[in-house]
There are 2 protein chains.
Amino acid sequence: MPTLRDVAADAGVTKMTVSNVLNGRRDQVSEATYERVMRAVERLGYVRNATARSLSANRSGILALVYKAPPPGADPLGNPHDSIFLGEVERCVSASGRHLMVRSAESPIAAVDSLRSWNVDAAIFLNTVAEDLETVRARHNVPLVFVDNYSGSPLISNVGVDDFRGGYLAAEHLADHGHAQIAWVGPERVLNEVMDQRFQGFTQALAERGIAHGPSGAIDCELSFDAAVTVGEALADSPRPFTAIFAPADIIAIGLMKGLNHKGIHVPSQMSIVGFDDLPVSHQVSPELTTIRQDVRAKADAAVDIALRLLAAGPDAAPEHLTLDVALVPRESVAAPAR
Amino acid sequence: MPTLRDVAADAGVTKMTVSNVLNGRRDQVSEATYERVMRAVERLGYVRNATARSLSANRSGILALVYKAPPPGADPLGNPHDSIFLGEVERCVSASGRHLMVRSAESPIAAVDSLRSWNVDAAIFLNTVAEDLETVRARHNVPLVFVDNYSGSPLISNVGVDDFRGGYLAAEHLADHGHAQIAWVGPERVLNEVMDQRFQGFTQALAERGIAHGPSGAIDCELSFDAAVTVGEALADSPRPFTAIFAPADIIAIGLMKGLNHKGIHVPSQMSIVGFDDLPVSHQVSPELTTIRQDVRAKADAAVDIALRLLAAGPDAAPEHLTLDVALVPRESVAAPAR
DNA sequence: TTGAAAGCGCTAACAC
DNA sequence: GTGTTAGCGCTTTCAA
C-alpha cells in the first residue's frame, strides 16, 4: 500500500505538501504542485490511511449507531422501524464523507468503551431508556444524539416524535367514528415513556369527549406480532366491552387483526383498530391498517444532522431537542361500531 | 483520556508490560504485576486506543458490510432480508469482539477505498453483481465474502442458498396440487443469477412433469410491493391461462395477492401463489403465504464465520463456497385449481 | 509556497 | 518477567 511518503517521492515534494493537497488547502499549494501531486496519487492508487489520520488528528470521521440488542431468538433489526432508521443514517453518514460503525448492546453503557476506543466523533442511540444516558455522557464527551428518549436531560440531544399527539389523534379518529368504548392494547408503560405518552394523549382525547376509560380498557400486550395474535384470539373468545382498539404499534395492531380474524371477528365491521408507526406492512395487509404515521427517515436525517452540526460547532455547543410531527393515515381498519 | 503510558506509570511498570497484560499474554507477566496493572486500568478507566493499535499492529479488528445503495426514494434497508442479515452480522461481529462498519454503495468498487482506508480485516458484500468482484479482489487483499453471488470465482468466498432447488420445490408443490398451468411472475432474469436459478429450477420441475411453460407464462414484475400490486390488478383484468403463480420473492407474492384481491380474485380458491424467502410479513398477511424458506440468519452466521476463519488462516487460505438448503413452507395460499 | 521536526498511542523485536 | 528501541502513517507547529 502506497503511503504519503511514496506519493511525495513520486511527485518530488514533501509529505507535508501532499497532505495539504489531500486536505484541500488549495491556498497553500501552487497550481502546478497541486496537479503534480494529484497525478502521483492517481498513478499510485493512493488511499489515505484513516487510522493514522485519526490517531494524529484526533478525530476519526466515524459516527456510531448504537441500538439495543434484541432478546435471544428474536431477529436482530427485525423491526422495520429500526432497520429503516439505520439505513437512512447510513445514507446520510456516507453522504457526508464519514464512516458508520454499528453496534448493538444490552445497554448503551456497554457500548461506550467501543466508542471511546475508536475515538468516534459522535454517536446516535436508538431504543435506550432514560437512565442510561447520564452515564454515557459522563464517559464520552462527544455529541450524543438519542432517539425517542424522554429524559429531557440538557446534557444530550434528542430526536423524537409527538407521541402524545399520536395517541390523541388515534382516540379522536375512533371517537369521530362513533366509538364510545375504546380499548388500549399495548406494552406495559412503566419505564417506557414513548408508550406512556401515546397513552396519555389517548386518554386525554377520550376524557375531553366524556368517554370513560377505566383500567379494564388497558390490555397488556408485548411488542411482537406473535404475542398480539395470541391476545387477539383471547379477546375474540371473551366478552368485549369495547368496539374499537388503539394499538400503539403497528406490529401489535396487525397481530390483533390476525388473531381476531382467526376467531371469526371481522375488522373493521365488528372491531375497529388504529395502529401507530405506519410500517410498510401496514398497507400490505388486508384490511389495510389505519394508523398514526411517523416519518422514520426524517427522524434519522435529523439525528445525523444534529450530530454533524454539534460536531462542527465544537464541544461547547448546546444539545438540541427536536420533536417531529405525526399524522393520522386513514385506511381500512376503522368503521362505525356495529349496532 | 488515559493512555498506556499513564497506566504504566500508575502501576509502576513500562508500557510494554501493560500491553502484554492487556493482550492476555499471561505467561509473560507475573501474577502480582498482572493484578497491579489491572487495578491501574480499572482505576484510571483506561480504554485501548483502537486507532493506534490498528496503525501499529496493522490489523484493525473491523469487519465491513457493504450493500447496494437503494434507488433514490426507496427505503434504505427497507427489505427485511437485508436488514435481518445485517442485524445478524452485527451480532456475530460483536460477539467476536470486533467492530462492524456498514456502508452502502452504488457498486462494491466504490466502497473499496473506504475499506482500504480503514484497513478493514475482512468484508462481506450483499446484493452485488458478479462482474464487480474481480475488481474488488484486485484492489484489496483481505478475506472477501460475497452473498448470493453466482460468479463462481475462485478468488472470493460466497454464501448462498439453493435457489434452483427452491424454484423446483415451488413448481413441484403447485403441480402436486393439480395445477397444470403455472405462471412465473418475477424480476427480469438478465444479470440476476439468483432469479435465473429459481427460474431454472421452476421450469425443470415443470418439464419433468410434462407441464408446458411457454414464454407467455413468464411475467415481468419489479421487485417491490407496489409494482406487484399493479401487476396483480392487471392480471385480474385480463384472461389468465394459468391457475397458479410462482413469485420468486415474498414481497412480490404479497403484492400480487393484494392486487388480485382488489379486483375480486380470491387466493387460493381462484389463484394459488407460492413465494420465496419466508419474510416475517408472509405469515402476517391473510391468507398466509406458502413460500420457500431460506434461513437468512444462518446465511449471515456463515458469512461472518467464513470471514473470521479465513482471517485466522492467513492470506493464503483458499476461499470457501457454501450453499444453504431451502425448504417449502406450506401455508394458506395454495389450493387445488378451481374446476 | 514549501519543508523539517516532533509526536499521536500503540506493538513488534529484541535485549536484559 | 520486564525494559528498550524503533516505527506504523499521518498532522501540527514552526521555520525557511
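Computed from heavy atoms alone, side chains included, the values below leave out hydrogens, waters and symmetry copies. Here is the naming used below: chain letters follow the sequence lines, and residue numbers restart at 1 for every chain.
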pair Ser96(A)-Leu308(A): side-chain heavy atoms closer than 4.5 Å = yes
task = Rounded to the nearest angstrom, tell me the gap between atom CG in Leu22(A) and atom P in dG9(D).
result = 15 Å
request  = Return the value, rounded to whole Å, for the distance between atom CG of Asn58(B) and atom P of dC10(D).
outcome  = 12 Å
message = In whole Å, I'd like the distance from the NZ atom of Lys15(A) to the P atom of dC10(D).
response = 8 Å
query = How long is the line joining CD of Gln28(B) and P of dT2(D), in whole Å?
reply = 10 Å
inquiry  = Glu31(A): which residues meet the side-chain hydrogen bond (donor to acceptor under 3.5 Å, both in side chains) condition with it, sequence neighbours left out?
reply    = Arg26(A)
query = Any sub-3.5 Å donor-acceptor pair from His321(A)'s side-chain atoms to Ser153(A)'s backbone N or O?
reply = yes
inquiry  = I'd like to check the side chain to side chain contact (heavy atoms under 4.5 Å, CB included) partners of Asn20(B); sequence neighbours left out, ordered by chain and number.
reply    = Met16(B), Arg25(B), Gln28(B), Val29(B)
message = Whether Arg309(B) and Asp305(B) form a salt bridge (side-chain N of Lys/Arg under 4.0 Å from carboxylate O of Asp/Glu) is what I want to check.
response = yes
Presence of salt bridge, Arg91(B) and Glu88(B), under 4.0 angstrom = yes
Between the protein and nucleotides 12-16 of chain D, are there any N/O to N/O pairs under 3.5 Å, and if so, what are the atom names and distances?
from	atom 1	to	atom 2	distance (Å)
dT12(D)	OP1	Arg59(A)	NH2	3.3
dT12(D)	OP2	Arg25(A)	NH2	3.4

inquiry  = Counting only heavy atoms and a strict 4.0 angstrom limit, can you tell me which residues of residues 33-50 of chain A come near DNA chain C?
reply    = Thr33(A)
request  = Mind calculating the distance between CZ (Arg5(A)) and P (dC10(D)) to the nearest angstrom?
outcome  = 11 Å
ask   = Do the side chains of Thr3(A) and Asn49(A) get nearer than 4.5 Å, heavy atoms only?
value = no
task = Indicate, with a heavy-atom threshold strictly under 4.0 Å, whether Asp27(A) touches base, sugar-phosphate, or nothing.
result = sugar-phosphate
key: Donor-acceptor under 3.5 Å (Ser157(A) side chain, Glu320(A) main chain)   = yes
message = Taking any atom closer than 4.0 angstrom to a non-hydrogen atom of chain B, what span of DNA chain C does the protein reach, first nucleotide to last?
response = dG9(C) to dA13(C)
Which pairs of donor and acceptor atoms, one on a side chain in residues 139-148 of chain A, lie under 3.5 Å apart (sequence neighbours left out)?
from	atom 1	to	atom 2	distance (Å)
Asp148(A)	OD1	Lys299(A)	NZ	3.4
Asp148(A)	OD2	Lys299(A)	NZ	2.7

message = Side chains of Ser54(B) and Ser60(B): any donor to acceptor distance under 3.5 Å?
response = no
task = Check whether any side-chain heavy atom of Tyr67(A) sits under 4.5 Å from a side-chain heavy atom of Glu90(B), and report yes or no.
result = yes
key: Rounded interatomic separation in angstrom, taking CG from Leu4(A) and P from dT11(D)   = 6 Å
